[in-house]
Participant: 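I have a structure here, written as structure tokens, and I will follow up with some questions on it.
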Amino acid sequence: MNSSTERARQAILDVVAAIPRGKVMTYGAVARQAGWPRHSRLVGRLLSALPAEHDLPWHRVLAAGGRVALPEGSSAREEQLSRLAGEGIEAAGGRVSLREHGWQATVDDLDRWLWKIGDEN
DNA sequence: CAAATGACGGGGT
DNA sequence: AACCCCGCCATTT
């Protein structure tokens, strides 16, 4: 297995895991945040092949413009819409308002999460 | 090794 | 807004 790709995988999944409830990020934003610009396709590829046991908020990752990428009519899409609705994210017409729910992690946000700082603050 | 394949993105029409 | 087209990238044919 390719080492650099493996590092990218780790970084990308970390970013996805850090997206707060009620917030969303696009594939491109996740890739850039992970330090692998232009790798938006890789983000989608990884999310499409997640291990059976995972607690990643994959439903918070959307295509450019806030569009739900999963195929129309697929059960996976329904699952995503359901999960989004479950946390107050409206996806009318298969589209989420990035202005309302778009999230850009700050360095501090990531550090706080990575080191689990602020748990009792 | 060339071509095809995607949970993609951006610009142009 | 809806398409189309092309660039992008790891994998698979």
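Worth saying up front: this structure is predicted, and the values here are computed from it rather than measured. In the text below, chain A, chain B and the rest are named by the order of the sequence lines, each starting its count at 1.
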Participant: As a quick check of understanding, evaluate side chain to side chain contact (heavy atoms under 4.5 Å, CB included) for A/Met25 and A/Val61, giving each step before the final call.
Facilitator: CA-CA 5 Å; A/Met25 282 182 94; A/Val61 183; 5.6 Å; no
Participant: For A/Gln104, does its backbone N or O pair with a side-chain atom of A/Lys23 as donor and acceptor, under 3.5 Å?
Facilitator: no
Participant: From CG of A/Leu46 over to P of B/dC8, roughly how many Å is that when rounded to an integer?
Facilitator: 12 Å
Participant: Going 5' to 3' along nucleotides 5-11 of chain C, which nucleotides have protein heavy atoms under 4.0 Å from the base (write B), which only from the sugar-phosphate (write S), and which from neither (write -)?
Facilitator: --BBSSS
Participant: Per the salt bridge (Lys or Arg N to Asp or Glu O under 4.0 Å) rule, what does the pair list look like for residues 82-99 of chain A, sequence neighbours excluded?
Facilitator: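 Qualifying pairs, neighbours excluded: A/Arg60-A/Glu87, A/Glu79-A/Arg83.
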Participant: Between C1' on B/dA7 and CG on A/Leu13, what's the gap in Å once rounded to a whole number?
Facilitator: 13 Å
Participant: Using a side-chain heavy atom cutoff under 4.5 Å and only I, L, V, M, F, W and Y, what cluster partners does A/Val68 have?
Facilitator: A/Val24, A/Leu62, A/Leu81, A/Leu84, A/Ile89, A/Val96, A/Leu98
Participant: Nearest whole Å is fine: how far is B/dA7 C1' from A/Leu47 CG?
Facilitator: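 Taking CG of A/Leu47 and C1' of B/dA7, I get 7 Å after rounding.
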Participant: Let me check something: do A/Trp36 and A/Val15 share a hydrophobic cluster, defined by ILVMFWY side-chain heavy atoms less than 4.5 Å apart, either directly or through other members?
Facilitator: no
Participant: Between atom CG in A/Leu81 and atom C1' in B/dA7, what is the gap in whole Å?
Facilitator: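 So the CG-C1' distance, A/Leu81 to B/dA7, works out to 13 Å.
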Participant: Whole Å only: how far is the CG atom of A/Leu62 from the P atom of B/dC8?
Facilitator: 11 Å
Participant: Is there a side chain to side chain contact (heavy atoms under 4.5 Å, CB included) between A/Leu13 and A/Leu50? Walk through the geometry before answering.
Facilitator: CA-CA 10 Å; A/Leu13 296 187; A/Leu50 288 173; 4.3 Å; yes
